[in-house]
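Following: one structure in structure tokens, then a few remarks.
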Amino acid sequence: MNIHEDLAFKLAQVSRSWRTKLNYRLRALGLTQARWLTLLQLSQASGGVTQRELAQLVGVERATIGRLLDGLEYQGLIERRAIAGDRRAHSVHLTPAALPVLKDINAIAQKLRLELLMDIPLDDMKTCVAVLRRIGNRLEKHDSSNP
């Protein structure tokens, strides 16, 4: 395996393992990966986002985001608001009840980050982030209709 293949394989493997470990720890909050990821995406948005935008951010189909939001709405963590002028579109917003849940999500995620990164030198992490940023920028430049 050459270095390019090794990097691509390791990146995918580490990302999947990290997400799996975090998902396992967040199950104590009664959240699936899709639900906690949706809450985190909403917490980073300024104001509400449309269901279509949220589906893209989370990486799921529009039908899937609808069912996902139904569950979060049932839990009282989000609310959907009609968008004036478009009766089919709704913006999605966090409710006050989501704030303590987000605090717990962030605390659990922070603890895991510290465990995984505790003995890695800061310069190594900075280099890694710089490389990943460059790869991410190149991916974003590619036409989204041609993955």
Side-chain angles (χ1 to χ4, degrees), residues 1-80 83 89-147:
M1 186 178 299
N2 69 37
I3 190 68
H4 297 106
E5 291 170 335
D6 194 29
L7 175 63
F9 179 77
K10 285 294 181 195
L11 180 59
Q13 183 182 38
V14 168
S15 176
R16 188 172 38 254
S17 295
W18 194 322
R19 193 172 51 246
T20 298
K21 179 70 76 172
L22 183 56
N23 192 46
Y24 176 78
R25 292 185 182 192
L26 290 173
R27 283 195 177 158
L29 301 178
L31 296 171
T32 64
Q33 179 178 323
R35 286 185 181 188
W36 61 257
L37 184 56
T38 300
L39 291 173
L40 286 175
Q41 289 292 344
L42 283 170
S43 73
Q44 294 174 0
S46 57
V49 297
T50 66
Q51 288 184 206
R52 174 181 282 177
E53 292 167 332
L54 191 56
Q56 288 176 321
L57 290 169
V58 176
V60 298
E61 299 293 325
R62 288 190 351 214
T64 302
I65 200 72
R67 289 188 302 273
L68 182 58
L69 294 176
D70 288 343
L72 289 169
E73 197 168 36
Y74 179 79
Q75 287 180 283
L77 301 176
I78 61 109
E79 64 182 9
R80 295 180 233 196
I83 295 176
H90 292 85
S91 60
V92 183
H93 301 264
L94 293 171
T95 64
L99 299 180
V101 175
L102 282 162
K103 185 177 177 182
D104 290 343
I105 291 169
N106 285 316
I108 291 168
Q110 174 67 13
K111 184 173 188 241
L112 179 59
R113 277 192 301 272
L114 290 173
E115 290 172 20
L116 297 175
L117 303 173
M118 71 178 158
D119 61 349
I120 298 174
L122 184 60
D123 285 343
D124 287 357
M125 285 194 282
K126 287 179 180 179
T127 299
C128 183
V129 168
V131 169
L132 292 174
R133 187 172 285 125
R134 287 173 68 184
I135 293 168
N137 288 340
R138 287 178 183 166
L139 287 168
E140 287 179 16
K141 287 180 184 177
H142 283 242
D143 182 5
S144 61
S145 65
N146 186 15

Nearest heavy atoms of G76 and A97, plus distance in Å
O-CB, 3.5 Å

Distance from Q56 atom CD to T50 atom OG1, nearest 0.5 Å?
7.5 Å

Within this structure, what is the CD-CZ distance for the pair E140 and R133, rounded to the nearest 0.5 Å?
11.0 Å

Go through the steps to decide whether I78 and L39 satisfy the test side chain to side chain contact (heavy atoms under 4.5 Å, CB included), and finish with yes or no.
CA-CA 8 Å; I78 61 109; L39 291 173; 4.1 Å; yes

Mind running side chain to side chain contact (heavy atoms under 4.5 Å, CB included) on L72 and L42 for me, showing each step along the way?
CA-CA 12 Å; L72 289 169; L42 283 170; 5.6 Å; no

Determine whether L37 and R19 satisfy the following criterion, side chain to side chain contact (heavy atoms under 4.5 Å, CB included), listing intermediate values before the conclusion.
CA-CA 10 Å; L37 184 56; R19 193 172 51 246; 5.9 Å; no

Less than 4.5 Å apart, any side-chain heavy atom of N106 and any of Q110?
no

Between R80 and L69, the two heavy atoms sitting closest are NH2-C, 3.2 Å

Please name the pair of heavy atoms, one in V101 and one in L29, separated by the smallest distance, quoted to 0.1 Å.
O-CD1, 4.4 Å

Does any part of the side chain of R62, heavy atoms only, come nearer than 4.5 Å to the side chain of R52, both counted from C-beta?
yes

Starting from the C-alpha separation in whole Å, work towards a yes-or-no answer on side chain to side chain contact (heavy atoms under 4.5 Å, CB included) for L112 and E115.
CA-CA 5 Å; L112 179 59; E115 290 172 20; 4.2 Å; yes

E5 side chain vs N2 backbone, donor-acceptor pair below 3.5 Å:
yes

Within a strict 4.5 Å, meaning less than it, do heavy atoms of the N23 and W36 side chains meet?
yes

Contact check, side chains of T38 and V92, non-hydrogen atoms, under 4.5 Å
no

Nearest 0.5 angstrom please: R27 CZ to I108 CD1, how far?
13.0 Å

Count the heavy atoms belonging to other residues, nucleotides or ligands that lie under 6.0 Å from CD of E61, then report whether that count exceeds 12.
no

Less than 4.5 Å apart, side chain to side chain, heavy atoms only: is that true for L54 and L68?
no

Student check: side-chain heavy atoms of L26 and R35 closer than 4.5 Å:
no

Using modelled atom types only, decide if a donor and an acceptor are shared between the side chain of S15 and the backbone of L11 within a distance under 3.5 Å.
no

Side chains of R138 and I135: closer than 4.5 Å at any heavy-atom pair?
no

Checking the side chain of T95 only, and the main-chain atoms of L77 only, is there a donor and an acceptor separated by less than 3.5 Å?
yes

Residues D104, R25: salt bridge by 4.0 Å N-O rule:
no

